[in-house]
Amino acid sequence: MIDAITLPDPSISCTSCEACCCRLEVMLITETGVPERFIETDDWGGRTMARLDDGWCAALDRNTLSCSIYEKRPLICREFEMGGYECKVERGPASPVI
């Protein structure tokens, strides 16, 4: 039996996106160097990326829709593959999931 591999959709690029993934809740489960000003801690000690009133991640540059801390982004953001299944789901009907 041959394992199937799902490849990312090459027609999808972060440069043509509306930063859909930057509206998701991002839990900080490893240390990547995220600056403290972008971290929120709940009453039980759980740490997440801070979001502003518009619901987008506080580290998102609103002018470029790029991550302002890309080299220090959380593990979950590193694993969220551009053009992958989760990316397509967040982008919605414009990029149908096959």
Side-chain angles (χ1 to χ4, degrees):
M1 183 167 153
I2 299 173
D3 291 332
I5 298 173
T6 304
L7 297 175
D9 185 336
S11 69
I12 296 175
S13 169
C14 290
T15 59
S16 63
C17 184
E18 295 179 5
C20 300
C21 60
C22 296
R23 294 182 186 143
L24 301 173
E25 182 173 33
V26 175
M27 296 185 70
L28 301 177
I29 54 176
T30 61
E31 182 57 47
T32 60
V34 173
E36 286 296 321
R37 69 182 181 277
F38 296 120
I39 298 174
E40 290 182 347
T41 304
D42 65 23
D43 294 338
W44 300 275
R47 295 164 35 104
T48 59
M49 287 297 294
R51 290 191 280 175
L52 300 182
D53 292 339
D54 61 8
W56 282 3
C57 177
L60 178 69
D61 180 318
R62 302 310 196 269
N63 295 317
T64 64
L65 293 182
S66 297
C67 181
S68 66
I69 60 166
Y70 188 80
E71 294 300 320
K72 295 182 179 184
R73 69 195 186 280
L75 178 64
I76 292 172
C77 298
R78 292 169 189 265
E79 292 181 341
F80 196 95
E81 185 175 31
M82 177 179 65
Y85 176 79
E86 294 88 357
C87 175
K88 288 181 183 181
V89 169
E90 289 307 316
R91 290 173 68 105
S95 295
V97 176
I98 299 173

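Heavy-atom basis, side chains included; hydrogens, waters and symmetry copies ignored. Since the structure is predicted, the reported quantities are computational estimates derived from the model, not experimental observations.
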Next item on the list: Compare every heavy atom of Thr32 with every heavy atom of Arg73, then report the nearest pair and how far apart it is.
Entry: O-OG1, 3.1 Å

Note to self: My understanding is that only residues two or more places apart in sequence, or in another chain, count here; which of them pass side chain to side chain donor-acceptor pair (under 3.5 Å) with Arg78?
What the structure shows: none

Notebook entry, point to check: What are the two closest non-hydrogen atoms of Thr48 and Glu25, and how far apart are they?
Noted result: CG2-OE2, 3.7 Å

Margin query: When you measure from the side chain of Glu31 to the backbone of Gly33, do you find a donor-acceptor pair of N or O atoms at a distance under 3.5 Å?
Written below: yes

Next item on the list: Please report the shortest heavy-atom distance between Ser68 and Phe38, naming the atom on each side.
Entry: OG-CZ, 4.1 Å

Notebook entry, point to check: Can you find a pair of side-chain heavy atoms, one from Ile69 and one from Pro35, that are under 4.5 Å apart?
Noted result: yes

Notebook entry, point to check: Do Ile76 and Leu28 share a hydrophobic cluster (ILVMFWY, side-chain heavy atoms under 4.5 Å, transitive)?
Noted result: yes

Notebook entry, point to check: Taking all non-hydrogen atoms of both residues, which atom of Leu60 and which atom of Cys67 are closest, and how far apart?
Noted result: CD1-N, 4.5 Å

Next item on the list: Check side chain to side chain donor-acceptor pair (under 3.5 Å) between Asp54 and all other residues, then give those that pass, not counting sequence neighbours.
Entry: Arg62

Note to self: I need the minimum non-hydrogen distance between Met49 and Val34, along with the two atoms involved.
What the structure shows: SD-CG1, 3.6 Å

Notebook entry, point to check: Does any pair with a residue in residues 37-52 pass salt bridge (charged side-chain N to carboxylate O under 4.0 Å, His left out), and if so which ones, sequence neighbours excluded?
Noted result: Glu36-Arg47

